[in-house]
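To keep things clear, I will list the structure first and then write my remarks on it.
Labels below follow one simple rule: chain letters A, B, ... track the order of the sequence lines, proteins then strands, and each chain is numbered from 1. Remember, predicted model here, so these are calculated numbers, not experimental data.
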Amino acid sequence: MERVFEYLKRSITIAWKTVFFNFLQYLPFFIAIIIVQLLYGMMTVSNDNNNRVEYQHVMEHYDYHMVLKGLNGDQARYLLEDKGAVFKSDVVFDVVNYEQYKNNFNGEERFDIYLRFKGETQGELNQSVKRFTSGYEKALAQLGAEGTSFTKSITTLLNFEKNQRANAITFVIITLVLLALSIFLLTSLYNIRINQYKFQYGIYLTFGADFKMLFSTCFWELFVIFVVTFIPTMMLSTFISWMFYRVSGYGFLFNGLSILKTFLFTLVVILASCWTPMKIMSVKDPMGLIITEDNSNLVTSPRRSFNIFAEKFPTKYEFYSIWRFRKYNIQLLSSAIVFCALFIMGLYMADIYNTDLNYPRPQFEVDLKDSGFEYDELMSKELYAMDGVRAVEINDNSTEAMDIASHMLVKSSHVRLFKNLVTYSGTEFPEAQNGNWRVSNDVVYTALPEEQIQILEDYDIKLLDSLSSLSDCIKDPQYVIVGDSVSNVPTFKYKVGDEIWIGVKTGQIRSVDSNSTGRALLKSQVSYFHFEYHKFIIGAIIYDIPSGSTPIFMNLDNYKTITGKTPKATSFSIYVDHGITPDAVNALYADIRDWSHDYGDVKVSNTDITLLNAITRDKHYGELYIAISLLILCISPLIWFFSQTLYYTKREREFNILQSLGAIGKEIRQIYLQGGLCMATMSLIVSIILSYAGSYLLFYVYNVVVPYFTKENVRYVFYMPWYAILTSIVMSVFCGFFSTYLPFRSYYKHRYSLENGGAGKEFGADE
Amino acid sequence: MANTTPEYMLQTESVIKQYKQYDTVITAVNRASIKVEAGEFVAIIGTSGSGKSTFLHICAGLDSCDAGRVLIRGQDITKMSADELSRFRGSNMGFVFQRHNLIPQFTALENILIPTMMCNKPELSYQETLRRLVETLQLTERLNHLPSELSGGQQQRVAIARAMINMPDILFADEPTGNLDRANADEVLKLLLKTRQDMGQTLIMVTHDLSIAEHADRIFRMENGHLSLERDYIGGTKRTVTSY
């Protein structure tokens with residue numbers, strides 16, 4: 001024990017002296033470790049607060065776990081008198097509230113009963129629900145008269161712990177991403193340091209240093225920095241998180257575990273960051289490191305020499321040097337600018353988060369199937385007359401083209417570049433024999449009654465000039481309203497007034513291979529089926545409508561012609577006004593349920609979207625993403641200045657040689673300026689490319705990959721966030737230039753002092 | 001006062017160079033004076049730490065002196081600004097360092113040509129000079145190699161070619177064979193002397209190798225910063241050369 005204590009004391013003392021006697025050399029590591037701790041500290045403090053905010057929101061709005069709607073009198077009494085319980089201790093729920101009403105359609109008495117299950121933990125609650133389902137529900141079913149049924153809705157309160165588990169999993173994933181990012185940052189810094197100090201490491205290895213020694217030296221140095229910065233950084237990250245949450249009105253929670261989590265996180269980061277570079281270093285041949293004293297390790301071998309006869313010095317000199325040091329320059333550009341791209345991706349994420357939050361989602365789902373009614377004009381009037389109803393959308397008036405072996409035919413000039421649609425190869429459409437037409441069955445046909453048009457008004461729509469409104473468009477049978485995307489990715493570039501053709505299957509020459517799918521299936525259908533083609537003019541295009549398939553809206557007659565189906569309207573979604581409060585939603589819910597009693601067995605369910613949005617808004621992920629992005633942006637100049645300062649310090653000897661050969665101060669400055677301008681230009685190009693690539697990657701993931709799993713198409717428009725890109729470009733150009741130019745200032749001052757006191761030493765003299 | 005004495009390629013007058021280390025003042029060069037005629041080969045010998053390299057650096061304008069004057073073809077280089085001195089050095093002087101000091105990212109050929117980028121002399125036929133140097137120094141096969149891909153002897157030959165490419169009037173060499181084995185040292189010396197002979201330059205060389213110094217017209221000894229004539233022109237020997 002004493003030996004361990006002695007070892008710790010000695011290691012920490014040595015590391016302390018090394019770090020603080022060479023503070024400037026270690027400054028980048030101080031900054032990097034502060035950034036790592038801030039990133040994780042903010043995340044963990046925010047996560048604790050998010051859980052609490054969610055809980056408080058849910059508790060404010062729900063004191064029940066389940067609501068049973070449309071119970072008859074026997075069923076209601078069974079529950080109210082708790083007849084299912086064998087013993088008093090066997091009670092699995094409390095009735096929080098009940099409502100009695102008369103169904104205006106058939107005059108029957110109905111009850112809605114609100115239940116809160118017994119149990120403190122999710123496990124106990126689940127047990128209660130299980131016993132309720134197996135015991136009470138069975139009995140309720142037996143008590144129900146034939147032809148009547150009740151509905152069961154679960155509230156967010158019951159799912160709270162389940163949501164918490166999902167939050168915990170998300171937190172673990174974010175922790176792993178931050179871990180990878182932090183290790184990448186510190187390893188990059190260590191690699192920069194190692195690259196410039198290979199000579200010293202070569203000497204250490206020559207005289208007996210091994211991995212254990214290199215690793216422990218490196219680790220204890222970073223550990224000292226970590227310990228010194230930990231408390232202030234933790235305080236700062238808590239303060240930043242407090243700034244986010246103070247506006248929500250739910251107070252602020254600080255959990256002591258956050259300190260432990262951040263401590264362990266940073267410890268893992270520094271252990272991993274030291275391990276790899278030191279392991280690689282320890283297995284190198286010492287001589288291979290020693291000979292790198294002159295930067296030759298950073299030089300890429302040429303196949304031939306440049307012809308530098310009569311070239312202008314120093315313009316060409318530095319171009320040649322940059323080319324020969326390309327390995328170093330590429331490493332620097334990629335590692336520094338990748339953080340700029342991550343910054344842009346972070347802001348893009350914040351934007352996606354806001355888009356998602358404001359995305360129109362239905363508040364209520366209404367099912368008319370058991371009532372025998374269909375949605376009609378009267379219902380429409382009644383619903384739109386209610387306060388808070390913004391739009392009603394019918395859900396069962398659509399047909400996927402591939403389900404009826406139909407397809408859309410468009411000119412190839414109306415398809416965007418790189419969109420690999422099937423070329424029309426059939427014989428039945430005479431105009432399409434020249435190979436310039438494409439077919440797509442990623443299309444969904446939707447019947448759009450006039451009273452439904454409001455649902456489209458939220459979108460970005462381009463209407464044909466000759467039409468005065470969408471209503472005119474949908475009334476005229478020659479027009480359709482179309483989207484321009486497949487899987488939320490813009491695919492078509494047709495304009496309003498252009499023509500599209502829709503192929504309706506009328507028969508077949510032979511059947512197609514039942515195993516074929518996708519493009520192969522469509523090709524076979526076009527070749528072996530008979531089609532009747534219907535021409536439509538594009539009356540309006542919706543540019544931002546979410547869609548898996550391209551939507552084509554048409555009037556009811558056209559819909560019947562194309563699909564052969566009569567559109568139904570037995571289920572619909574109700575959207576509420578923007579900015580409506582959860583309390584107003586509750587009032588509207590009561591109104592809609594009252595309204596539903598006039599139509600018999602109508603099922604109304606609440607999606608809780610307003611409450612869920614309020615919870616999400618109060619989690620302040622947008623602000624958190626922005627704060628994390630800004631921190632990530634700070635990493636870029638750190639890498640630029642650290643790497644370039646070391647690099648140019650090592651090149652000072654080269655500039656001294658040039659002076660001995662006749663170069664004057666102005667020319668040396670021009671070399672630095674050339675280097676700075678080159679790096680600024682390259683970083684400008686690379687940062688634009690990486691930013692674009694990063695943003696498009698996120699766009700693709702959220703528009704195509706995520707909907708595949710969530711089955712919900714939310715349309716995120718691809719754009720380059722100009723303010724973020726501008727920041728990134730300015731940052732890259734600034735760093736590229738000044739990280740080169742500032743070492744020159746230092747060199748220039750140093751240069752005169754050398755000449756006045758021992759330049760010869762720099763030129764390689766032994767004396 | 002007639003400062004300029006054109007008949008001398010190099011003339012130093014009471015050059016003093018001191019270094020301060022804490023409270024101690026070390027006089028590296030103590031009132032060193034020398035006169036070297038055009039085309040002459042002068043060797044400066046002395047023990048390690050005697051101040052010979054410092055004196056050579058001062059003569060070549062690579063280091064400044066605390067007192068005294070250094071005249072190259074009558075021009076006082078101690079009065080020149082840093083930039084004037086750089087240009088003067090590039091146009092009139094060549095320097096061969098003990099540690100070669102080649103630029104790592106440029107090939108042998110590019111290293112040789114770098115002085116031509118800085119102090120282009122249109123009157124010179126560089127192509128011809130380069131051809132002669134490369135041939136004489138036997139570098140033809142290694143021109144497209146980086147310094148890290150060359151041996152010590154080859155690097156030193158590249159350094160000599162670089163010092164010669166601008167056809168300087170005076171060539172300074174600081175122990176040019178110090179890092180080489182005997183065979184390589186002899187080879188480099190032979191090539192250096194041959195090149196010098198072809199181009200007719202003045203050569204000032206610092207060395208502690210007597211066998212090399214013996215090829216010089218005159219030998220000077222540096223001892224504790226004091227410069228003294230060790231051996232005058234052949235036929236006029238004043239003292240016996242001692243071994244180190």
Checklist line | Part of A:F306 lying under 4.5 Å from any heavy atom of chain B | finding: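 Looking at A:F306, backbone and side chain both touch chain B.
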
Next item on the list: Can you label the angle between the A:F738 ring and the A:Y741 ring as parallel, tilted or perpendicular, going by 30° and 60°?
Entry: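 The arrangement is perpendicular - the two ring planes meet at more than 60°.
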
Notebook entry, point to check: Mind checking whether A:F655 and A:Y672 have parallel, tilted or perpendicular rings, split at 30° and 60°?
Noted result: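 A:F655 vs A:Y672 ring planes: tilted.
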
Next item on the list: Between chain A and each of B:R87, B:E84, B:H145, B:R162, count heavy-atom pairs under 4.5 Å; write down the option with the most.
Entry: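 Option with the greatest count: B:R87.
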
Next item on the list: Name the member of B:E149, B:Q127, B:K20, B:M93 that forms the most heavy-atom pairs with chain A at distances under 4.5 Å.
Entry: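 Most heavy-atom pairs within the cutoff with chain A belong to B:Q127.
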
Check: Taking the six-membered ring where the residue is Trp, are the ring centres of A:Y317 and B:F106 under 6.0 Å apart?
Finding: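 Under 6.0 Å, so yes.
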
Note to self: Does any backbone or side-chain atom of B:I58 lie under 4.5 Å from a heavy atom of chain A? Answer side chain, backbone, both or neither.
What the structure shows: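 B:I58 has no heavy atom closer than 4.5 Å to chain A.
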
Notebook entry, point to check: Contact part of B:I103 toward chain A, heavy-atom cut-off under 4.5 Å: side chain, backbone, both or neither?
Noted result: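 For B:I103, the contact with chain A is made by the side chain alone.
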
Margin query: For a quick check under 3.5 Å, do B:T107 and B:N144 share a side-chain donor-acceptor pair by atom type?
Written below: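 B:N144 and B:T107 do not have a side-chain donor-acceptor pair below 3.5 Å.
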
Checklist line | Ion pair A:R324/B:E110, N-O distance below 4.0 Å | finding: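 A salt bridge links A:R324 with B:E110.
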
